[in-house]
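Letters go in sequence order (proteins before strands), and every chain restarts at 1.
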Number of protein chains: 2
Amino acid sequence: MAAIDTRQQIVEAADDLFYSAGFVQTSFADIAKAVNISRGNFYYHFKTKDEILDAVIDKRLADRETLLAKWDETADDPVQRIICFIRIVIVNQSKIMAYGCPVGTMTAELAKLNHPSRTRANQIMALFRNWLQRQFGALGFGKDAELHALHVLGWSQGVASLAQAFGDEVYVRREVEQITDWLHEIAVTGRRIPSST
Amino acid sequence: MAAIDTRQQIVEAADDLFYSAGFVQTSFADIAKAVNISRGNFYYHFKTKDEILDAVIDKRLADRETLLAKWDETADDPVQRIICFIRIVIVNQSKIMAYGCPVGTMTAELAKLNHPSRTRANQIMALFRNWLQRQFGALGFGKDAELHALHVLGWSQGVASLAQAFGDEVYVRREVEQITDWLHEIAVTGRRIPSST
DNA sequence: TAAAAATTAGGACAAGCATCCTAATAAGTC
DNA sequence: GACTTATTAGGATGCTTGTCCTAATTTTTA
């Protein structure tokens, strides 16, 4: 097998395991077993666990950029784009209920570890924030675009957190409805801070 | 030293370390060093790491119950009580920015571990949900009381998550203002689902 | 096809881990 | 003050971890 394929398989397996089991809890052996290669082979591609983490973060960044670019193309209305984001919590509901938000949980874990790559992991979160901010900007919000972006991003983290804790589908659906209503409301009103969240 | 004191010190140190470093990442040695006792002494009080975890969860449950009871006493208006809850994200801001929400991050970690005590940890989250639900119930909300409770609880998790990721004080303050406004609004209107979140 | 490079396998290592054990000491009891 | 119990200390154990190394094998190159 070509080295690049092996490397890619390792990163994909690590990505999955870091998500489902966490970074600390996932061992070299776990990843090697998932890809069905020897530890020696593994070491050829990644010298340290931190190197794998960086590769996983790079992949996640790239994946999310691709996703956002797709939304930019397929939906030409900013409101519809933001709704694409909102609906992630429904589209990925089962995984979120089991493992939480991949971005949020990794951010939280690396923060507790005070891990060097903590900052890079936060960039994934920032990627969404900046994209959302651009959408709200396109809707005519100036200074408030960032606050709205953070509001929607924080909303998604909160929903993911409770979805994981309680596994309540009705709650998720209701929250999606509420924030969607809010979005339509402020999109029409425009350029003002909503009186309620 | 009395055994109970030692035990209590162990649980307190474990509580802190589980919060600041995570459950998996915290070792017996870490806790023993924090309390300044030998591992042997440690083993006398707790046979397994899971036993310590259970003790920490018990303590957290008791602590939160005490806190909520205090709010029940000191504020006799349900709105003011809910605001007490909302303001946690400001009162504990520095710790939250460093380590996230103690309840949310433990829930997330134990879920990924698929840990036996996962369910018990979720009870802390449920404690807040039930308390909030009671407050909304006292405001005249029937069926919607639970949804409002989940809404506020999820809000707090989202704010904590972003506060940890970005360390943005302004964002936290704005969110507190928004949800407080929302609370006052629905408290006056009463018995209806808010059109916006 | 021969030589060189890339890739893989799997054993070795020290460190850290949770856990267990025995012996010493302190506290309590009669 | 003797004896029993509660508490503490610290070493031993077996396992897992990340990391490293060397030898085999495959792939590429000339």
Side-chain angles (χ1 to χ4, degrees), chain A residues 1-58 106 109-110 112-118 120-121, chain B residues 1-58 106 109-110 112-118 120-121:
Chain A
M1 178 166 38
I4 295 190
D5 290 347
T6 306
R7 198 193 136 93
Q8 195 174 321
Q9 275 188 289
I10 290 174
V11 174
E12 273 169 23
D15 191 359
D16 288 347
L17 285 167
F18 288 174
Y19 178 36
S20 62
F23 172 69
V24 176
Q25 192 65 6
T26 302
S27 70
F28 270 58
D30 290 333
I31 306 173
K33 201 170 67 181
V35 187
N36 227 13
I37 61 174
S38 65
R39 276 161 302 132
N41 189 2
F42 201 114
Y43 181 72
Y44 173 76
H45 293 278
F46 295 98
K47 301 291 174 200
T48 68
K49 203 180 173 184
D50 288 351
E51 274 184 34
I52 312 172
L53 176 61
D54 284 338
V56 167
I57 294 175
D58 285 344
M106 172 170 275
E109 186 178 8
L110 297 186
K112 297 219 180 200
L113 296 179
N114 208 5
H115 195 282
S117 298
R118 173 201 203 297
R120 274 194 64 68
Chain B
M1 177 164 44
I4 294 189
D5 290 347
T6 306
R7 198 195 136 94
Q8 195 175 321
Q9 276 188 288
I10 291 174
V11 175
E12 273 169 24
D15 191 0
D16 288 348
L17 285 168
F18 288 173
Y19 178 35
S20 62
F23 172 68
V24 176
Q25 192 65 8
T26 302
S27 70
F28 270 59
D30 290 334
I31 306 173
K33 201 170 67 181
V35 187
N36 226 17
I37 61 173
S38 65
R39 276 161 301 129
N41 189 2
F42 201 113
Y43 181 71
Y44 173 75
H45 292 279
F46 296 98
K47 302 289 176 203
T48 68
K49 203 180 173 184
D50 289 352
E51 273 184 33
I52 311 171
L53 176 61
D54 284 337
V56 167
I57 294 175
D58 284 345
M106 172 170 275
E109 186 179 8
L110 296 186
K112 297 216 181 202
L113 297 178
N114 208 4
H115 195 283
S117 298
R118 173 201 203 297
R120 275 194 63 69

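Counting to the nearest Å, the C1' atom of dT8(C) and the CD atom of Gln9(A) are 14 Å from each other. When the C1' atom of dT8(C) is taken as reference, atom CG of Asp5(A) falls 14 Å away, rounded to whole Å. The distance from atom CZ of Phe28(B) to atom C1' of dG14(D) is 15 Å, rounded to the nearest whole Å. Rounded to whole angstrom, the span from the CD atom of Gln8(B) across to the C1' atom of dT7(D) amounts to 17 Å. In this structure, Ile10(A) atom CD1 and dT7(C) atom P are separated by 12 Å, rounded to whole Å. In this structure, the CZ atom of Phe42(A) is 14 Å from the P atom of dC20(D), given to the nearest Å. In this structure, Leu113(B) places its CG atom 13 Å from P of dA18(C), rounding to the nearest Å. Between the CG atom of Asp30(B) and the C1' atom of dC17(C) there is a distance of 11 Å, given to the nearest Å.
Of all nucleotides listed (dA9(D), dT8(C), dC21(C)), dT8(C) comes nearest to the side chain of Asn41(A). Picking from dG18(D), dA9(D), dT19(C) the nucleotide with the shortest atom distance to the side chain of Ile37(B) gives dA9(D).
Smallest separation of non-hydrogen atoms from Glu51(A) and His45(A): OE1-O, 4.3 Å. Contact between Phe46(A) and Phe28(A) at its shortest, heavy atoms only, is O-CE2, 4.4 Å. Here the shortest heavy-atom pairing between Leu110(B) and Ser117(B) reads CD1-O, 4.1 Å. Of all heavy-atom pairs spanning Lys49(B) and Phe23(B), the tightest one is NZ-O, 2.9 Å.
Checking the phosphate oxygens (OP1, OP2) of dT8(C), no side-chain nitrogen or oxygen of Tyr44(A) falls inside 4.0 Å. Contact between the side-chain N/O atoms of Thr48(B) and the OP1/OP2 oxygens of dA18(C) is not found at any separation under 4.0 Å. For dT7(C), the OP1/OP2 oxygens have no side-chain nitrogen or oxygen of Thr6(A) closer than 4.0 Å. Between His45(A) and dT8(C), a side-chain N or O to OP1/OP2 separation shorter than 4.0 Å is present. The side chain of Tyr43(B) contributes an N or O atom lying less than 4.0 Å from OP1 or OP2 of dC20(C). Look at Ser27(B) and you'll find a side-chain N or O under 4.0 angstrom from OP1 or OP2 of dC17(C).
The nearest heavy atom of DNA chain D to Arg39(B) and to Lys49(A) marks one nucleotide each, and the one closer to the 5' end goes with Arg39(B). Taking the nucleotide of DNA chain D with the nearest heavy atom to each of Gly40(A) and Thr26(A), the more 5' of the two is matched to Thr26(A).
Evaluated for a side-chain contact (heavy atoms from CB on, under 4.5 Å) with Phe18(B), the options Val24(B), Ile31(B), Ile57(B) yield exactly one hit, Ile31(B).
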